[in-house]
Every structure is written in C-alpha cells, then in structure tokens.
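So the structure is just underneath, and the comments pick up after that.
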Amino acid sequence: MMDKTFNPAEAEARIYADWEESGAFKPKDDPNADPFCIVIPPPNVTGRLHIGHALNNTLQDVLIRYKRMLGDSVLWQPGTDHAGIATQMVVERQLAERQEPSRRDMGREKFLERVWDWKAESGGQIMTQLRRLGASCDWSRERFTMGEKDAENDQMQAAVMKVFVELYNQGLMYRGKRLVNWDPKFETAISDLEVENIEVDGHMWHFKYPLAGGKTYTYVEKDADGNVVLEEERDYISIATTRPETMLGDGAVAVHPDDERYAPIVGELCEIPVGPKEHRRLIPIITDEYPDPEFGSGAVKITGAHDFNDYEVAKRNNIPLYRLMDTRAAMRADGAPYAQCAEQAMALAKGADLPSEAEVDAINLVPENYRGLDRFEAREKIIADITAEGLAVMVTPEAKDVDEDAPQPVPYVENKKIQQPFGDRSHVVIEPMLTDQWFANAGELAKEAIAAVEDGRTTFHPKNWEKTYFEWMRNIQPWCVSRQLWWGHQIPAWYDEDGGVYVAESEEAAIAQAGGKKLTRDPDVLDTWFSSALWPFSTLGWPENTQELERFYPNAVLITAFDIIFFWVARMMMQGLHFMKDENGKPQIPFKDVYIHALVRDEKGQKMSKSKGNVIDPLELIDEFGADAVRFSLASQAGQGRDIRMSKQRVEGYRNFGTKLWNAARFCEMNECAVPAGFDPKTVSQTVNKWILSEAQATVAAVEKGLAEYRFNEAAAAAYRFTWNIFCDWHLEFAKPLLQGDDEAAKAECRATTAYVLDIALKILHPFMPFVTEALWEQTGQRDTHLIVADWPRLEGLDDAAAQSEMDWLISVITDIRRVRAEMNVPAGAQLNAVAVGASGEIAGCIERNRPLIQRMARLAEITLGDSVPPASAQTVIGETTFALPLEGVIDFGAERERIAKELKKLDGEITRLEKKLGNEKFVANAPEAVVAEQREKLGDYTAQKAKMAEALSRLEQA
RNA sequence: GGGCGGUUAGCUCAGUUGGGAGAGCAUCUCGUUUACACCGAGAGGGUCGGGGGUUCGAGCCCCUCACCGCCCA
C-alpha cells in the first residue's frame with residue numbers, strides 16, 4: 001500500500017542518484033536520433049542558486065526532459081563561470097574580514113592560489129543545488145570558463161587564447177589609450193554594460209572664465225522673437241558644470257558655431273578660474289556642434305580625459321587630454337610640480353604641437369594644494385576657492401525667499417537631477433578615465449550577428465526581443481575586454497622593452513616572435529564575458545574538432561533572461577558566427593532559438609536583491625514543498641513577456657497538485673489498475689474509456705504545442721487541468737462504478753484504460769515534476785526503464801466526438817443537479833429521486849447507459865423517465881430535457897421561484913443579445929457563415945431552454 | 001529625450017489569426033461519500049486604466065491621455 005502523500009525529502013535524492021547512475025543524463029549514442037543541445041548559462045562558480053537560476057534551469061530541464069522522452073539525443077551541457085570581478089571581490093573581502101594581507105600585499109600568484117582554493121571550497125555548491133532542482137545535466141561534461149587549475153594545454157584556456165590571438169591577427173583586437181569607464185573601487189576598467197546610470201540629485205555650478213588679458217565683449221541675449229533682453233559688457237565667459245573638479249583638466253571652452261552671443265570671442269583664450277594665481281592656465285574658446293545653446297550658458301568646458309562627450313569634442317579639435325586622477329579616483333599626486341606642468345599645458349594651448357599621448361598623460365595639472373585629495377573633496381575645495389575669489393556667477397534671490405529686505409547675491413547653483421554612472425558591482429561612481437586597454441572591434445563582429453537574426457537563422461522568442469537586440473547591435477561600441485584584475489584569463493600579449501607587442505597563444509610562441517627579446521606579459525585579464533561568449537562551442541571541445549562539436553553545434557536553443565541579452569547572447573552570436581564555420585566556410589550560428597524568459601520578482605514586484613533582503617531562496621522552498629512544486633510553480637508562471645512574482649502560496653498549491661496526482665495513483669493501485677500486455681487503447685468499448693482517451697490525446701497535443709512554442713505556462717496548464725479537472729475530478733469518479741461493479745469485462749477494460757491514462761499523465765507531467773512522477777512510475781507498474789527515458793506518448797486515432805459529447809452532456813446533468821441541490825439547501829446526504837421529462841429516445845438512451853453514474857455522482861436514489869413534472873419539484877433544464885427533483889416537504893417554493901427567475905433573467909439577457917445581433921443585417925451579411933450559424937444555434941438553444949424554464953416556473957406558480 | 005512592456009475578479013496572473021472574459025489563491029455556503037481535508041460539491045465577484053476611432057462586432061487592431069516598470073541616451 002502506498003503512503004498517503006509523497007515525501008520529497010526522502011525520495012528526491014534517491015531518485016536523482018538513480019537517474020545519474022543509470023546514465024540517463026548522457027546523450028544517447030544513436031546516430032539516427034536528432035541532436036538536441038542546450039548549454040547552461042553558466043552560473044558564477046562560487047554563487048548560490050537563486051530563484052532566477054531556478055526558473056532558468058527549470059525551463060531548460062523541461063525542454064531537455066521532453067526532448068529526451070521524444071527520443072532525441074539530448075545534451076544539457078553544464079558548467080560554471082569564473083566571474084572575474086565578482087569572485088575576486090568576494091575573496092578580497094574575505095581577506096579583509098580575516099585581517100589577512102591584502103591582495104596587493106600578497107602578490108598575484110599567492111592571491112590566485114587563494115581564489116582557486118575558494119573555488120574548490122564553494123565551487124561545487126551551485127551544481128549540487130541544481131541537482132536538487134532536478135536538473136538533468138550531463139555532469140560528466142561539466143566545464144569551467146577558466147578551465148582546470150594548473151592544467152597543461154587546457155582546452156577551455158586554449159579556446160580563449162586562440163580566439164584572442166586570431167582576432168588580433170585579423171585586426172579585430174587592438175590596444176590603445178581610450179577613455180573608458182573606470183571603477184575606482186576595483187581599480188579596473190569596465191565595459192559600458194557594467195555601468196548603471198542612476199538619476200541622483202546633483203548640482204550645476206556656474207563659474208566665470210575670465211578672458212585673457214582683461215579683454216571684454218558685448219554679451220547680448222535675445223528672446224525667441226529676437227528682442228534683446230540682456231546686453232552687457234563682459235570680461236568673462238560663463239560656464240556651467242556639474243563636475244567642478246574636472247576644470248583643472250580643461251583643454252578648451254566650446255560654444256556652438258551658430259551661437260551669436262559668443263561669436264565675438266571665439267578664438268580667444270580664457271582663463272580657468274582655479275589654481276595658483278601666478279600659473280593660471282589659459283585655454284582656447286572653440287566652436288563645435290556639441291554644445292547646446294539652450295542648455296546652461298551655452299558654453300561648455302572641454303575636459304577630454306574625464307567626460308565621454310568632451311572626449312569626442314577634444315579628439316575632433318585636437319584638444320589635449322589631461323588626466324587628473326589616479327586609479328582610485330584621487331587627484332593625481334605624481335609627476336612634475338604644478339608650475340612646470342601648467343607651463344607645458346600653456347604652450348599647447350597657444351598652439352604648440354601636441355606631443356605623444358604618453359607625454360601628455362605625464363602632465364599633472366592638479367595644483368599642489370589639491371594633489372592626493374579624493375575627487376569629491378577636491379570638488380568642494382575648488383568650489384570654495386573659486387567662490388572666494390569672486391569668480392562664481394552670482395544671483396540675487398527673490399526678496400521673499402530671504403529674511404533681509406535687501407537680499408545679498410549668492411553663488412548661482414542649480415539643483416538638478418543628473419545621471420550618474422555607478423559600477424554595477426562596486427556601486428561607486430564610475431570615472432571616465434584615459435587608460436591603455438584592449439578593445440575588440442565589436443562593430444565588425446556585429447555585422448554577421450545582426451544578419452543572422454535578420455534572416456531568421458536565429459530566432460528570438462518572444463520575437464520582440466529582437467528589436468532590443470538589433471537596437472544595441474546596430475549601435476555597438478568597441479568592447480573594452482581588458483580588466484585590471486588578477487582573476488581571469490591573462491591576456492596573451494607580451495611586450496618588449498621598446499614597447500613592441502607580441503600576441504601569441506603561448507609564451508614560447510611570443511618569445512619566438514620577438515626573436516628572443518626579453519618580454520613581459522600584459523598583467524591584465526580578459527572580461528569574464530569574453531570567455532563565456534565562447535561557451536556554446538568551447539564546452540563542446542573547440543578548438544579540437546570533437547564529435548560533440550560536430551553533433552551539437554549549433555545548439556538547439558538558448559534559454560536566458562533578458563538582462564543578459566547584451567552581456568552574453570549578443571557576444572555568443574558574434575563569437576560563434578566568427579569562429580564556427582561549416583565546410584564551405586559559412587558562419588554557423590551558436591543556437592537556432594533564443595528563449596527569453598522573465599525576471600523573477602518578489603510578491604511586491606520588486607527585483608530581488610540581497611541588499612533589499614527580499615530574496616526568496618529556492619532551496620528553502622524545495623525543502624518545504626519539494627522540487628516538483630517549485631518547478632511547476634515557475635513553469636506555470638513563465639508566460640511570455642511578463643515578470644514573475646513568486647509567492648509561497650502558489651508553490652503550496654502545486655505541492656497539493658503533486659499530492660492529488662499521488663492519490664490518484666494510489667486509487668489506481670487500490671483498484672488494481674494495470675496496463676495488460678498488448679493493450680490497444682483503440683479497442684476500448686466503454687464510452688467513459690473512449691472519452692478519457694480522447695481527452696488524453698487532446699491534452700498531449702496541447703502540451704506538445706505549448707512546448708514547441710515555448711509557452712511553458714500553457715503546456716503546464718494543459719497537463720494540470722487534464723490531471724486534476726478531467727482525470728481526477730471526472731474520470732476516476734466515472735470509473736468507480738465500473739471498477740467496483742460486477743461486469744468483469746468492463747472492469748478489466750476500465751482498469752487497463754485508467755492505468756494507461758495515468759501513465760500518460762505521468763509522462764506529460766514528468767518534464768515539469770520529474771520526482772513525483774518518477775516515484776509513481778516506479779510504484780504503479782512493472783517498468784523496463786525509468787520514466788526519465790520512457791517514450792513520450794504518441795497518441796493517434798483516439799479522438800472520439802461521440803464519446804466527448806455524451807460525457808459532456810453527462811457532466812452538465814450532474815453539475816446542474818448538484819447546483820439545484822446546493823441552491824435548494826438539500827442536505828448533502830439526502831438521496832433524491834429525479835424524473836427526466838421530455839427526454840428524446842437518444843437522451844433516454846444516454847440516461848439509461850449512464851444511470852449508475854448520474855445516480856452516484858448527483859446523489860440520486862433513482863432516476864426515471866416521465867411525462868410530467870411531479871408536484872413540488874425543483875427543476876433544471878439540460879438541452880431539451882427537464883430534470884425534476886420532487887422535494888415534497890423539503891422544497892421552499894419561494895426559493896425555487898427565485899432561483900428559476902434568476903436563471904430566466906440570465907437566459908433573457910443572452911437571448912436579447914443574440915436576437916439583436918442576428919437582427920443586424922450587416923452582421924448576417926458580413927460575419928463568416930460559421931459564426932452566424934453558431935450564433936443561431938445558440939439562440940435556438942437558449943430559446944428552447946427559456947421555454948422549458950418558463951414552464952417550470954408556471955408549474956410552480958400553480959402549485 | 002528615445003525605445004520596449006504593463007494596466008483584466010480582493011490578490012497573482014492567463015486570454016495566440018477580433019465573434020460577449022478564464023485559472024490559482026482568497027471569500028461565503030455545504031460536506032468526512034474509504035484515492036486525496038495538501039480533499040470534494042456549490043456560490044458570489046470584472047462597464048478588461050480613461051477617452052476617441054476602425055469594424056456588423058474590440059480585452060484583442062489604430063489614435064490619444066493617465067499611471068507603473070524596464071532598457072538606452
């Protein structure tokens with residue numbers, strides 16, 4: 001005898017181990033089977049399974065299990081990502097917490113040792129957690145983006161090196177001094193994608209840049225109609241800035257070429273109003289399309305080394321780029337004294353030839369009294385100094401705003417919202433910084449990646465994500481791939497003492513290239529996403545031409561969340577298409593489909609994050625409700641294009657569903673249901689059996705359709721509804737009289753069919769709820785294989801419209817009688833008699849055939865055919881037949897009248913609506929015939945029913 | 001500022017070529033009929049964000065407004 005409920009805690013680990021041991025997770029070695037491969041989005045190696053992983057991996061496992069049952073050769077390729085910044089950050093924090101030497105004190109080699117240790121210590125965790133979820137990955141093929149520690153000629157490392165070297169040799173990878181996003185906390189460059197622009201309260205300060213030599217001009221301001229609203233003599237140009245500390249690095253002031261206000265002074269020099277008086281720097285006033293005359297004063301200071309827009313302006317106009325900060329974003333303290341540097345800069349401003357990048361970079365234009373200050377401290381000090389000197393633009397506040405009668409002018413500072421860049425990991429303000437970095441020519445790589453989606457070689461689901469993909473790909477910027485970190489793939493570039501660069505897959509090769517010169521390797525590592533971009537083929541053995549690569553590339557589908565379309569999907573597309581070619585040299589896509597799923601949020605719709613403390617731990621949910629419930633909950637909510645809000649209640653509901661299924665199986669066991677050898681469902685004779693088989697076939701088709709279209713929620717719902725609302729609620733109840741009756745043939749057929757249909761339910765539910773279905777599979781029959789590798793049900797020829805319509809009729813008879821009973825407050829235990837009045841021969845036959853079912857399920861003592869409604873009856877109309885329930889002594893005539901009147905009203909509403917519609921000539925003329933016919937039929941049905949109900953009411957009135 | 005998505009029952013959400021709205025949970029009533037109370041039977045509850053348009057017909061298509069969310073600048 002089976003237990004009353006499924007015990008996930010006991011069963012899951014055992015079942016999982018069985019699967020793994022049986023080799024079920026490995027792709028089957030059948031050359032005729034279709035290949036189906038999904039590569040897992042590799043989680044951070046030292047991460048923990050969060051609810052987003054749970055969703056992502058549930059959906060993958062659903063497809064994987066489905067395809068496996070279909071008979072495909074299925075590979076779900078697992079592995080983890082080394083997650084450069086994230087992992088290094090964790091280990092550095094640990095060192096700090098344990099008061100151990102810092103990364104820098106420790107040195108690179110020792111530090112990396114520690115990271116590998118940490119990986120070893122915590123690395124397996126998430127893979128264990130995926131197992132708990134039921135993920136059926138081929139663990140024997142697990143890969144790590146960094147490869148194996150200390151391995152010689154490690155393949156995963158070789159793949160990265162080869163890609164870098166080839167891109168370099170093809171001119172698609174280059175090194176240069178560029179303005180990049182600099183994270184002062186981690187002291188590394190990061191890519192555009194790792195920057196989050198957040199709107200914060202900022203200020204806009206207005207300062208006067210005095211014209212050189214005390215020159216003056218007439219400043220004229222006009223309104224929209226050209227009327228002069230302000231005209232004054234000025235000896236300065238007014239500049240607005242949100243970042244005063246960068247004034248020190250200004251190379252010019254720019255105004256729009258059409259801006260008449262400043263036309264008189266274009267080409268003049270003006271003075272940066274900060275720094276020691278005797279060394280005030282002069283910079284030219286230039287024109288450029290960039291300044292918006294409507295914004296601020298219309299004049300923009302150009303600080304090429306600390307602002308992306310300014311950088312472009314500076315490049316266009318040959319304005320020197322003066323770097324002001326060090327790697328921690330403190331004001332530079334290196335280099336020559338300010339006086340000397342300022343003099344150099346002065347010469348450049350006056351037209352001297354620009355020296356080399358490196359020479360300009362060596363110029364430190366931070367005056368001594370600001371050197372070494374944090375950038376924000378420097379800002380405060382500079383504002384104070386400028387204001388003290390009287391070079392802040394002053395305004396006179398409205399008298400009402402201040403107490404004094406004669407308000408004093410105050411510095412003009414606007415409070416305004418500004419977009420400030422923050423590091424997505426460090427959460428500190430990112431500094432645009434001029435540094436030497438490696439860049440991939442993403443624009444070039446993107447071309448094929450765009451084309452592949454345009455021409456449908458790769459398709460996004462839902463399709464609207466393609467727009468996002470195109471938008472980004474078509475405006476893609478060079479990809480900064482170097483990171484000033486230690487944990488990662490060290491860039492395979494070596495330098496000789498003269499600055500010569502040698503890019504090669506190994507040090508030996510580089511030395512050979514250099515002709516034996518003394519070389520030093522580039523200390524930087526590659527962006528983590530550089531290696532994960534290779535994941536669809538590196539995990540399959542590339543650069544070796546392995547069987548797996550041959551068989552499983554392109555992958556079938558990639559399943560991921562939208563937040564990494566740019567980070568990952570786009571880059572896999574670029575790298576895959578660039579490096580994987582077919583025998584004709586045609587680029588090969590990494591995957592045919594990309595399914596983008598939602599983000600999982602908390603009950604309130606907030607993005608889950610550790611800092612908000614609203615994280616729902618999937619493992620806790622699994623502990624409480626079982627993996628099946630968690631999986632089903634996620635899959636059933638995975639509608640396209642919407643976020644998922646996770647609630648415990650819903651998980652609980654699906655746990656209950658598992659129990660329901662369990663008990664249905666238990667019922668089958670108790671009634672000795674089993675599928676006899678050679679059972680052919682097409683041969684069943686009982687209507688009930690024909691009907692449930694017909695329903696089953698429709699359900700299997702619905703599940704298949706849902707999965708084929710990546711509508712996981714619909715597939716899950718179809719399986720759920722069938723199992724609970726059709727199989728359990730109706731079929732098992734219909735089966736009871738047969739299973740407990742004396743007709744041995746009918747009993748045998750019913751046992752066989754019920755067991756057969758239960759198996760179907762187990763199979764279609766297995767992708768969603770693998771554990772409980774596997775456990776039941778084990779317990780409900782003699783099985784040749786585990787369910788995980790059982791054949792997907794391929795049903796055909798079982799649809800049966802006649803059985804469907806008879807059972808639908810039966811269900812509505814039972815439901816209606818139950819409703820009347822409930823509404824008339826008939827005690828649940830009372831056995832009533834029913835009289836069917838006006839039944840045709842056909843209906844009479846139906847009643848005859850299903851008498852025991854109606855009696856049992858509607859709790860009737862007897863059901864007879866009659867010519868007239870007995871007195872004191874409650875009545876309900878189904879089709880042409882009135883079912884009367886004599887309730888002598890029980891019936892409340894008032895209540896019954898009210899009930900029938902209510903039904904009549906409802907019918908009237910429907911009839912009026914339909915009559916109006918059918919009375920509309922245009923409807924009849926324009927609507928498809930089928931629709932018109934359907935509406936006519938409905939009207940006919942409702943009208944007939946109304947007549948019967950009216951009769952019923954009149955009988956009551958007479959009583 | 002540009003783009004995308006959302007607004008449907010008290011809550012969370014389905015609703016796939018436009019033919020008068022569904023589920024789960026919650027609520028109310030009844031029920032222990034030996035598969036299941038992690039259950040069963042029944043009920044109530046929505047002018048599908050507002051306005052306009054196209055159409056014989058709009059939750060669904062178009063326009064517009066409002067609010068919410070995300071991405072990009």
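Chain identifiers are assigned alphabetically (A, B, ...) following the order of the sequence lines, protein sequences preceding nucleic acid strands; residue numbering begins at 1 within each chain.
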- Task: Select base, sugar-phosphate, or nothing to describe what Q649(A) touches, counting heavy atoms under 4.0 Å on all strands.
- Result: sugar-phosphate
- How is E714(A) classified with respect to the nucleic acid when contacts are heavy atoms under 4.0 Å: base, sugar-phosphate, or nothing? base
Rounded to whole Å, the CE-C1' distance (M857(A) to G42(B)) equals 14 Å
Separation of G19(B) atom C1' from K938(A) atom NZ, nearest Å, is 8 Å
query: Does the T754(A) side chain pair with the main chain of R751(A), one donor and one acceptor, at a distance under 3.5 Å?
result: no
Side-chain contact check for Q935(A): nearest option of U16(B), A35(B), G19(B) is G19(B)
- [ ] Could you label the plane-to-plane angle of the F657(A) and W724(A) rings as parallel, tilted or perpendicular, counting under 30° as parallel and over 60° as perpendicular?
- [x] parallel
With Y595(A) as partner, the option from W465(A), F562(A), F712(A) fulfilling ring-ring contact (aromatic ring centres under 6.0 Å, His included) is F712(A)
Legend entry - Side-chain donor/acceptor of K660(A) to base of C36(B), under 3.5 Å: yes
Looking only at heavy atoms, the pair that brings N56(A) and H597(A) closest together is ND2-CE1, 2.9 Å
Any W724(A) side-chain N or O less than 4.0 Å from OP1/OP2 of G40(B) = yes
Take atom P in U34(B) and the same atom in A41(B), then report the distance between them in whole Å. 16 Å
Closest of A35(B), U16(B), U12(B) to the K705(A) side chain is U16(B)
For A14(B), the nucleotide meeting Watson-Crick or G-U wobble distances (both under 3.5 Å) is none
Q | Any K4(A) side-chain N or O less than 4.0 Å from OP1/OP2 of A37(B) | A | yes
- Spacing of the C1' atoms in C11(B) and U54(B) (rounded, Å): 35 Å
Requested in this report: Using the P atom as the reference point in each nucleotide, state the distance between C71(B) and G57(B) in Å, no decimals.
Outcome: 42 Å
Write down the distance separating the C1' atoms in G20(B) and G24(B), rounded off to the nearest Å.
24 Å
Side-chain atoms of R711(A) come closest, of U34(B), A26(B), G15(B), to G15(B)
Quiz item: Between the side-chain atoms of R666(A) and the base atoms of C36(B), is any donor-acceptor pair under 3.5 Å?
Solution: no
Report task. Pick the C1' atom in U16(B) and in G59(B), then give their distance to the nearest Å. Result -> 14 Å
In Watson-Crick or G-U wobble terms, with both distances under 3.5 Å, the base opposite U34(B) is none
Between A41(B) and R859(A), is there an OP1 or OP2 to side-chain N/O distance shorter than 4.0 Å? no
Re C61(B): Watson-Crick or G-U wobble partner, both distances kept under 3.5 Å, found to be G53(B)
Here the distance between atom C1' of A35(B) and atom CZ of R856(A), to the nearest Å, is 12 Å
Scanning all shown strands, the Watson-Crick or wobble mate of U47(B) with both distances under 3.5 Å is none
When rounded to whole Å, the OH to P distance for the pair Y720(A) and G24(B) reads 6 Å
Across the strands shown, which category fits C728(A) at heavy-atom distances under 4.0 angstrom: base, sugar-phosphate, nothing?
-> base
* When rounded to the nearest Å, what value does the distance between P atoms of G51(B) and G45(B) take? -> 23 Å
**Message:** Distance check, P atoms only: A9(B) and A21(B), in whole angstrom units.
**Reply:** 15 Å
P432(A) and L179(A) have their tightest heavy-atom pair at C-CD1, 3.7 Å
- Message: Testing the 3.5 Å rule here: is there a donor-acceptor pair between the side chains of S636(A) and N713(A)?
- Response: no
Can a donor-acceptor pair be found, under 3.5 Å and without considering hydrogens, that links the side chain of E12(A) to the backbone of A627(A)? yes
Practice task
Answer yes or no: does a side-chain N or O of N656(A) lie under 4.0 Å from OP1 or OP2 of C39(B)?
Solution key: yes
In whole angstroms, the gap separating C1' of C39(B) from CG of L661(A) amounts to 15 Å
*Would you mind classifying the nucleic acid contact of K916(A) as base, sugar-phosphate or nothing, using non-hydrogen atoms under 4.0 angstrom?*
nothing
Regarding the side chain of D729(A), the nearest nucleotide among G3(B), G40(B), G20(B) is G40(B)
Taking for R655(A) and for R819(A) the nucleotide of RNA chain B with the nearest heavy atom, the one nearer the 5' end belongs to R655(A)
Winner on side-chain proximity to A828(A), out of G5(B), G31(B), C38(B), is G31(B)
Could you tell me whether E733(A) contacts a base, only the sugar-phosphate backbone, or nothing, with contacts defined as non-hydrogen atoms closer than 4.0 Å? base
Applying the 3.5 Å cut-off to both distances, the Watson-Crick or G-U partner of C28(B) turns out to be G42(B)
Discussion item. Quick one, F771(A) and P8(A) - any side-chain contact, counting heavy atoms below 4.5 Å?
Written reply: no
From CG of L860(A) across to P of U33(B) the rounded distance in Å is 18 Å
Between CG of N825(A) and P of G31(B) the distance, given in whole Å, is 10 Å
Rounded to whole Å, CZ of F562(A) lies from C1' of C71(B) at a distance of 8 Å
Smallest heavy-atom separation, M2(A) atom then R666(A) atom, equals O-NE, 3.5 Å
| said: So does F632(A) get a backbone contact from the side chain of Q637(A), meaning a donor-acceptor N/O pair under 3.5 Å? | reply: no
(Q) Whether the N725(A) and Y720(A) side chains hold a donor-acceptor pair (N or O, under 3.5 Å, no angle test) is what I'd like checked. (A) no
| message | Applying a 4.0 Å non-hydrogen cut-off, can you work out what S636(A) is touching in the nucleic acid: base, sugar-phosphate, or nothing? | response | nothing
Residue pair R818(A)/V931(A) against RNA chain B: nearer the 5' end by closest nucleotide is V931(A)
By the Watson-Crick or G-U definition, both distances under 3.5 Å, U7(B) is matched with A66(B)
Using the C1' atoms only, state how far C70(B) lies from G15(B), rounded to an integer number of Å. 24 Å
Given protein heavy atoms under 4.0 Å, the one-letter contact record of nucleotides 52-61 of chain B, with B base, S sugar-phosphate only and - none, is simply ----B-----
